[in-house]
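Worksheet: the structure to be examined is printed underneath.
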Amino acid sequence: MILLKFCLILFVVNSLTIGGGFMMLPVLHKEFVEKYHWITNQEFLDAIAIGQITPGPLTVMNAVIGYKISGLIGAVLAMVSSYLPCIIIVTLACRYYFRYKESAIVNSSFQGIKPAVIGLLAAVAIPLGSTSIVDLITFSIAVISFVVIAFTRTDPTFVIVGAGIIGALFL
Amino acid sequence: MLTFFEKELVEKHKWITHEEFIESVALGQMTPGPPIINTGICIGYKLKKIKGALVTTAGQTFTGTVLAVLLAIFYVKTKGNILIGSIMKGIGAAVVGLLLSIVYKMAKNTIQDYKAAIFALTAFFALGVLKLNPIGLILASGLAGFIVYRKKKE
């Protein structure tokens, strides 16, 4: 039953979120952490980190969460239900490309969703920040990571690995 | 990543034309889900229909998924280890910084006028303060977008 719910959430999230993998985080956080308590804030952050340092889109973090919830089956089902909506929507959109591209419904609603999900992502940073930023060192790590990723072309993987090393030494 | 695709698919193997490639990239950006995967699905579909779409998805996601599962196994097994705990604490703080930098970058690209800013701010307060359901908020913002932006085009 948990697995079914889990897959359904992933299916819905991946059918709705436009603008890249990070945009699914607000929904996932709400459902997995706050509503069903399947994972903690810290585990959610860890899953994001693993999703980020492995090749391919952030979506693989769902495999990590799936594994946490119910082992290998959870991981495999997580991937299937994450990518199934993409396959369905993209093949349809590909087939009817011009109609899709010119569709007033698609364009105008996406124009509303795009800025909204940015606001949602900013809002979800609050509970995650209050879990992980607990002292001066963690605060500095967060600030430095922000500045480095936002204003330089450094790959976030390096920042995450660096933060892990700092964590091992000082936390 | 995209330049690599373009070189291999268009220039070297000539499986698709440059126009088809550009079309696939655009489609990846405007469909839900990860853009790169979606671009791949579109190219796969153009080449071999549904079979192509399925194979490209599997191909693109396989390595990442296997690695992520291996890390997940390691992560679950080492739970409680003090050193791993410290490392993950450092990483958790970095992830928050990463999220905020994504917000910053996306906002810079997407929020170009006051209407978009209102969408973003409303969503922020609706989730951050009012704790409304994000799935509902995404649907609502899509509906609001349809109402606000639909007329402008005609």
Side-chain angles (χ1 to χ4, degrees), chain A residues 14-18 21-22 26-27 30 45-46 48-50 54-57 59-60 63-64 67 75 79 83 86-87 89-91 93-94 104 108-109 111-116 118-123 125-126 128-129 132 138 141-142 145-146 149-150 156 159-160 163-164 166-168 171, chain B residues 23 27 31-38 41-42 45 53 57 61 63-65 67-69 71-72 75-76 83 86-107 110-111 116 119-121 123-124 127-128 134-135 138 141-142 144-146 149-150 153:
Chain A
N14 282 283
S15 321
L16 284 180
T17 47
I18 179 119
F22 279 92
V27 177
K30 180 68 154 198
L45 286 165
D46 298 343
I48 299 172
I50 294 176
T54 43
T59 313
V60 290
V64 177
Y67 182 82
M79 287 296 92
Y83 289 121
C86 300
I87 296 173
I89 295 171
V90 175
T91 48
C94 206
S108 55
S109 48
Q111 220 173 333
I113 292 178
K114 272 185 179 169
I118 298 173
L120 296 180
L121 187 60
I126 300 171
L128 295 177
S132 61
T138 43
I141 293 176
S145 310
F146 170 75
I149 301 168
V159 176
I160 289 174
I166 295 175
L171 293 172
Chain B
E23 194 181 295
L27 197 89
T31 41
I36 294 248
I37 301 290
N38 290 354
I41 294 175
C42 187
Y45 182 77
T57 313
T61 55
T63 324
T65 307
L67 280 174
V69 169
L71 282 174
Y75 172 73
V76 171
L83 180 65
S86 305
I87 293 174
M88 292 325 273
K89 266 187 216 161
I91 289 177
V95 169
V96 173
L98 167 68
L99 292 188
L100 292 175
S101 63
I102 303 281
V103 169
Y104 169 78
K105 282 183 183 172
M106 300 276 303
T110 309
I111 303 177
F119 269 94
L121 284 175
F124 176 79
L127 180 63
I135 293 181
I138 293 174
S141 64
F146 176 65
Y149 290 108
R150 176 190 45 148
K153 293 246 160 82

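Note: hydrogens, waters and symmetry copies are ignored here, and every other heavy atom, side chains too, is used. Computed from a predicted model, the values in this text were never measured in an experiment.
- Chain A forms the most heavy-atom pairs under 4.5 Å with one residue out of B:Ile102, B:Val69, B:Leu67, and that residue is B:Ile102.
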Exercise. May I have the step-by-step check of side chain to side chain contact (heavy atoms under 4.5 Å, CB included) for A:Leu120 and B:Phe124, ending in yes or no?
Key: CA-CA 5 Å; A:Leu120 296 180; B:Phe124 176 79; over 6 Å; no

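- When each of B:Pro35, B:Ala107, B:Ser86 is checked for heavy-atom pairs under 4.5 Å with chain A, B:Ser86 comes out on top.
- Side-chain atoms of A:Phe146 and B:Tyr104, non-hydrogen and from C-beta on, do get closer than 4.5 Å to each other.
- Chosen from A:Ser109, A:Ala168, A:Ser132, the residue pairing most often with chain B at heavy-atom distances under 4.5 Å is A:Ser109.
- Between chain A and the residues B:Thr63, B:Ile36, B:Thr57, the largest count of heavy-atom pairs under 4.5 Å involves B:Thr57.
- In terms of modelled atom types and a separation under 3.5 Å, the side chain of B:Lys105 and the main chain of A:Ile149 share a donor-acceptor contact.
- By number of non-hydrogen pairs under 4.5 angstrom with chain B, the leading residue of A:Ala75, A:Ser145, A:Gly56, A:Pro115 is A:Pro115.
- Ring geometry for B:Tyr149 against B:Phe119 counts as parallel: the plane angle stays under 30°, on a 0 to 90° scale with 60° as the upper cut.
- Comparing B:Thr110, B:Leu121, B:Leu27 by how many heavy-atom pairs each has under 4.5 Å with chain A, the most go to B:Leu27.
- Here the shortest heavy-atom pairing between A:Met79 and A:Thr59 reads CE-O, 3.3 Å.
- Side chains of B:Phe146 and A:Gln111 form no contact here, defined as non-hydrogen atoms less than 4.5 Å apart.
- Contact annotation for A:Ile166: neither backbone nor side-chain heavy atoms come within less than 4.5 Å of a heavy atom of chain B.
- Looking at B:Tyr45, the atoms closer than 4.5 Å to chain A (heavy atoms on both sides) all sit in the side chain, from C-beta outward.
- Residues A:Asn14 and B:Pro32 form no side-chain contact, since every pair of their non-hydrogen atoms from C-beta on lies 4.5 Å or further apart.
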Practice problem: Decide yes or no on side chain to side chain contact (heavy atoms under 4.5 Å, CB included) for B:Ile138 and A:Val27, but give the supporting numbers first. | Solution: CA-CA 9 Å; B:Ile138 293 174; A:Val27 177; 3.8 Å; yes

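- Using a 4.5 Å cut-off between heavy atoms, A:Thr91 contacts chain B through both its backbone and its side chain.
- Ranked by heavy-atom pairs under 4.5 Å with chain B, the list A:Thr17, A:Val90, A:Thr54 is led by A:Val90.
- Each of B:Ala53, B:Ala144, B:Cys42 has some count of heavy-atom pairs under 4.5 Å with chain A, and the biggest count is that of B:Cys42.
- For chain B, the option among A:Val159, A:Leu16, A:Ile48, A:Thr138 with the highest count of heavy-atom pairs below 4.5 Å is A:Leu16.
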